Enquirer: 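Dropping a structure here in structure tokens format, bear with me for questions.
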Protein chains: 2
Amino acid sequence: MVGEAENAIEKKERKRLPVVDESLEQRRNVLWRNFLTAHAAVIDRIEDDLDEAEVLPLSWYDVLLALYEAPEHKLRMHELARAILVTRGGLTRLVARIERAGLLRREPDRADGRGLYAALADEGLEALRTTWPVYARGIAEHFGRHLSDEEVEVLDRAFNRVSAAAQER
Amino acid sequence: MVGEAENAIEKKERKRLPVVDESLEQRRNVLWRNFLTAHAAVIDRIEDDLDEAEVLPLSWYDVLLALYEAPEHKLRMHELARAILVTRGGLTRLVARIERAGLLRREPDRADGRGLYAALADEGLEALRTTWPVYARGIAEHFGRHLSDEEVEVLDRAFNRVSAAAQER
DNA sequence: TCGAGGTAGTCGTATCTACAACGATAAGGA
DNA sequence: TCCTTATCGTTGTAGATACGACTACCTCGA
């Protein structure tokens with residue numbers, strides 16, 4: 001988003017880079033910025049909603065939801081880390097905080113002496129149920145409401161492709 | 001993403017929530033998750049690329065680009081904070097780090113004794129020029145490459161609407 | 001001219017994250 | 001069995017962020 005227009009800094013009368021550029025790659029770069037902005041702004045709004053309603057923050061929700069969706073509502077630490085895209089070191093402390101709040105348990109893996117499971121506690125399931133309506137309202141209000149049914153289809157296919165490519169090792 | 005299917009935790013044979021749901025709201029919730037996953041995964045990849053190439057990290061790039069695009073390549077601190085969606089407190093320290101690296105200057109605002117400008121330094125412009133090719137390659141590789149021209153149009157319109165709504169105070 | 005209320009930026013503090021190094025355990029070939 | 005190599009989760013450390021309190025300064029009406 002800089003580099004073309006070498007002379008922009010000298011030509012004081014042109015104050016900004018052109019926002020509309022016909023090249024296809026430029027279109028994608030503009031889209032990327034809108035993608036980042038939309039993400040940051042919507043996340044901020046939703047986090048505010050969650051905080052105000054005094055329910056789980058997004059990071060805790062992600063952990064507990066991943067456990068909820070797992071077989072037997074439990075996952076090995078490294079699987080959980082991969083599922084929610086955090087490092088193992090970060091997950092150790094995040095899980096410790098959530099465990100301290102009583103929303104999950106840690107259990108040794110009998111089949112692997114190195115391993116630990118994080119397992120959803122009843123209180124964690126309850127917290128998910130309390131949080132979800134607030135979260136869902138935020139998603140609808142700040143995100144879904146602005147998208148037509150057709151756009152939802154297009155976006156969904158596109159994001160699936162992008163995530164799949166970015167996540168393969 | 002939890003709350004329906006009250007009995008899921010009892011019905012051990014059904015291990016996961018259904019991923020495909022016909023309701024339109026559910027489609028939007030699934031889309032939201034894909035949106036989050038795609039964002040996190042692509043950002044991770046691009047940050048890795050930037051780090052490996054030893055150019056600016058995204059947070060510094062955002063600051064310097066905002067300055068580059070501003071009239072006279074400078075912005076008041078609070079304008080800059082709003083432009084890149086960080087708090088003023090966070091921006092104070094971020095700008096301090098970038099200034100220490102010599103990529104921007106802070107200048108008092110003669111018209112308002114409370115105010116400070118952050119102004120792009122020549123070294124900052126140079127850093128932008130060095131970083132951009134790496135960043136652009138990352139965007140193309142991890143994001144743009146996976147989107148058709150038509151999808152780019154649809155996504156761009158959609159994100160513009162979403163950001164506009166989320167950012168209005 | 002003064003004073004009340006608002007705004008700008010900074011800073012103390014608490015959180016949270018990544019990175020790298022570590023001890024413990026597992027897996028597999030010699 | 002022994003030994004090498006890899007993986008698992010944790011931890012020390014450093015860096016980055018948000019929140020709230022604080023000072024300095026501006027604005028505007030009496």
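All values below come from the heavy atoms of this structure, side chains included, with hydrogens, waters and symmetry mates left out. Everything numeric here is computed off the predicted structure, so don't read it as measured data. Throughout, a chain's letter reflects where its sequence line sits, starting with A, and its residues are numbered from 1.
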Enquirer: For B:Arg28 and A:Asp149, run salt bridge (charged side-chain N to carboxylate O under 4.0 Å, His left out): C-alpha distance rounded to whole Å, both residues' side-chain angles, the deciding distance at 0.1 Å, then the answer.
Expert: CA-CA 9 Å; B:Arg28 282 167 167 72; A:Asp149 295 343; 3.1 Å; yes
Enquirer: Could you encode protein contacts along nucleotides 12-27 of chain C as a string, one character per nucleotide from 5' to 3', using B for base contact, S for sugar-phosphate-only contact and - for no contact, with a heavy-atom cut-off of under 4.0 Å?
Expert: BB--SBB------BS-
Enquirer: List the steps and the verdict of salt bridge (charged side-chain N to carboxylate O under 4.0 Å, His left out) for A:Lys74 and A:Glu69.
Expert: CA-CA 8 Å; A:Lys74 67 183 189 181; A:Glu69 295 184 334; over 6 Å; no
Enquirer: Roughly how many Å is it from OH in B:Tyr117 to P in C:dA8, rounded to a whole number?
Expert: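 That distance rounds to 13 Å.
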Enquirer: Please determine which of B:Trp60, B:Phe143, B:Tyr61 meets the ring pair (Phe, Tyr, Trp, His ring centres under 6.0 Å) test together with B:Tyr135.
Expert: B:Tyr61
Enquirer: Rounding to an integer number of Å, can you tell me how far B:Glu99 CD sits from C:dG9 P?
Expert: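 Computing the B:Glu99:CD to C:dG9:P distance gives 14 Å.
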Enquirer: Output every pair passing salt bridge (charged side-chain N to carboxylate O under 4.0 Å, His left out) with a member in residues 110-121 of chain A, not counting sequence neighbours, ordered by first then second residue.
Expert: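 Salt bridge (charged side-chain N to carboxylate O under 4.0 Å, His left out) check on residues 110-121 of chain A returns A:Arg76-A:Asp112, A:Asp112-A:Arg114.
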Enquirer: Can you list the other members of the hydrophobic cluster that holds B:Val154, where links are side-chain heavy atoms under 4.5 angstrom apart?
Expert: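 Members alongside B:Val154: A:Val154.
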Enquirer: Could you list the donor-acceptor pairs under 3.5 angstrom formed by side chains in residues 49-56 of chain B, with sequence neighbours left out?
Expert:
unit_1, atom_1, unit_2, atom_2, d
B:Asp49, OD2, B:His142, NE2, 2.9

Enquirer: Report the residues that fulfil ring-ring contact (aromatic ring centres under 6.0 Å, His included) with A:His39, sequence neighbours left out, ordered by chain and then residue number.
Expert: B:Phe35, B:His39
Enquirer: Under 4.0 Å from any heavy atom of chain B: name the first and the last nucleotide of DNA chain D that qualifies, 5' to 3'.
Expert: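 Reading along DNA chain D, I get D:dA16 to D:dC26.
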Enquirer: Salt bridge check: are B:Glu141 and B:Arg45 linked by an N-O gap of less than 4.0 Å?
Expert: no
